[in-house]
Amino acid sequence: MIFILSIIIGLPFWSGSRWIARNRLKNEAVKIRSLIENHRTIAMAMSTRRALVFQGTDVQVLMENLSRPLPNLDSLVTVLNNFFSPRVKLGGLAGAQALMGGSIDSDGIMFGISQGNTLIFTAFGLVETPGEIYVNDGRNLMCVAVNGFGQVRIYRWDGGRWNEVK
C-alpha cells in the first residue's frame with residue numbers, strides 16, 4: 001500500500017522535472033531573442049550599426065563610432081559576463097543538424113561566413129550577418145535564428161526536424 005502511494009505521489013514530480021528542464025531551455029532561448037531584438041531596436045533608434053559579439057558565455061556589445069571613418073564598430077558599449085545560464089550548453093546534440101542543413105558548430109554560434117560569432121545590425125534594423133545560436137540541456141535542443149531582415153525566431157529540435165516555437 002505504501003509502495004503504491006509513493007508511486008502515485010512521486011509521478012507528478014518526475015514528469016514535472018522534465019517539464020522544468022524543457023522550460024528552462026525555452027526561457028534561455030527567449031532571453032537570447034530579447035537581447036537580439038533589444039539591440040536591433042537600439043541600432044535603429046540611434047541610426048548606427050550595432051554588433052553583438054558572442055565569446056563563450058560572454059556577450060560584447062559594440063556600436064559604430066560616428067566620429068571615425070565609417071563603417072566601423074569601434075565603441076564598446078558593454079560586456080555581459082556569463083550571459084548564458086550555466087544550466088544550458090551552447091552547441092548541438094548528437095544526430096541533430098543545423099536549421100539550414102549541415103552540421104552545428106561546436107560552440108553553437110553561427111553568424112555570417114566571415115564574421116565568426118558576431119551579429120551585426122545596420123542602422124535600418126537589417127542584419128549583415130544572419131545566423132543561429134544553438135542551446136541545449138543535454139536532452140533538448142533549441143535554435144534562435146535571425147534572418148537578414150532582423151526577424152528572430154525560436155525553433156525546437158524534435159528528433160528529426162525543426163519546429164517553430166510560438
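Remember, it's a predicted structure, so these values are computed and weren't measured experimentally.
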Would you call [X] and [Y] a side-chain contact if the rule is heavy atoms closer than 4.5 Å?
X: M100; Y: E132; value: yes
X: E128; Y: T122; value: yes
X: N117; Y: Q55; value: no
X: T118; Y: T129; value: no
X: F111; Y: V127; value: no
X: F121; Y: T41; value: no

Just one of L35, T57, L52 clears the side chain to side chain contact (heavy atoms under 4.5 Å, CB included) bar with F83, so which one?
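By the side chain to side chain contact (heavy atoms under 4.5 Å, CB included) criterion, F83 pairs with just one of L35, T57, L52: L35.
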
Please determine which of M142, E164, K26 meets the side chain to side chain contact (heavy atoms under 4.5 Å, CB included) test together with I154.
M142

Determine whether [X] and [Y] fall in the same hydrophobic cluster, where Ile, Leu, Val, Met, Phe, Trp and Tyr are linked whenever their side-chain heavy atoms lie under 4.5 Å apart.
X: F84; Y: V144; answer: yes
X: Y134; Y: V165; answer: no
X: V146; Y: I109; answer: yes
X: L90; Y: L25; answer: yes
X: I133; Y: L93; answer: no

Can you check whether N65's main-chain N or O pairs, donor with acceptor, with N72's side chain at less than 3.5 Å?
yes

Side-chain (D105) to main-chain (G108) donor-acceptor, under 3.5 angstrom:
no

Please find the pair of heavy atoms, one from [X] and one from [Y], that lie closest to each other, and give the distance.
X: I104; Y: G91; answer: CG2-C, 4.3 Å
X: C143; Y: W162; answer: CB-CZ3, 3.6 Å
X: M110; Y: A98; answer: CE-CB, 4.3 Å
X: L141; Y: G92; answer: CD1-CA, 3.9 Å
X: W157; Y: G95; answer: CZ2-O, 3.8 Å
X: G148; Y: P130; answer: N-CB, 3.8 Å

Going from [atom1] on [X] to [atom2] on [Y], what distance comes out if it is rounded to the nearest 0.5 angstrom?
X: I32; Y: N27; atom1: CD1; atom2: CG; answer: 11.0 Å
X: N23; Y: N140; atom1: CG; atom2: CG; answer: 10.0 Å
X: K89; Y: N136; atom1: NZ; atom2: CG; answer: 5.5 Å
X: M63; Y: L73; atom1: CE; atom2: CG; answer: 9.5 Å
X: Q151; Y: L126; atom1: CD; atom2: CG; answer: 10.5 Å

Hey, mind stepping through R50 and V61 against side-chain contact (heavy atoms from CB on, under 4.5 Å) and telling me if it holds?
CA-CA 7 Å; R50 201 164 180 95; V61 180; 3.8 Å; yes

Across all chains, not counting sequence neighbours, the side chain to side chain donor-acceptor pair (under 3.5 Å) partners of N81 are none

Check side chain to side chain donor-acceptor pair (under 3.5 Å) between D58 and all other residues, then give those that pass, not counting sequence neighbours.
none

When you check the gap from the basic side-chain N to the acidic O, do R40 and E37 get nearer than 4.0 Å?
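No, no charged N to carboxylate O under 4.0 Å.
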
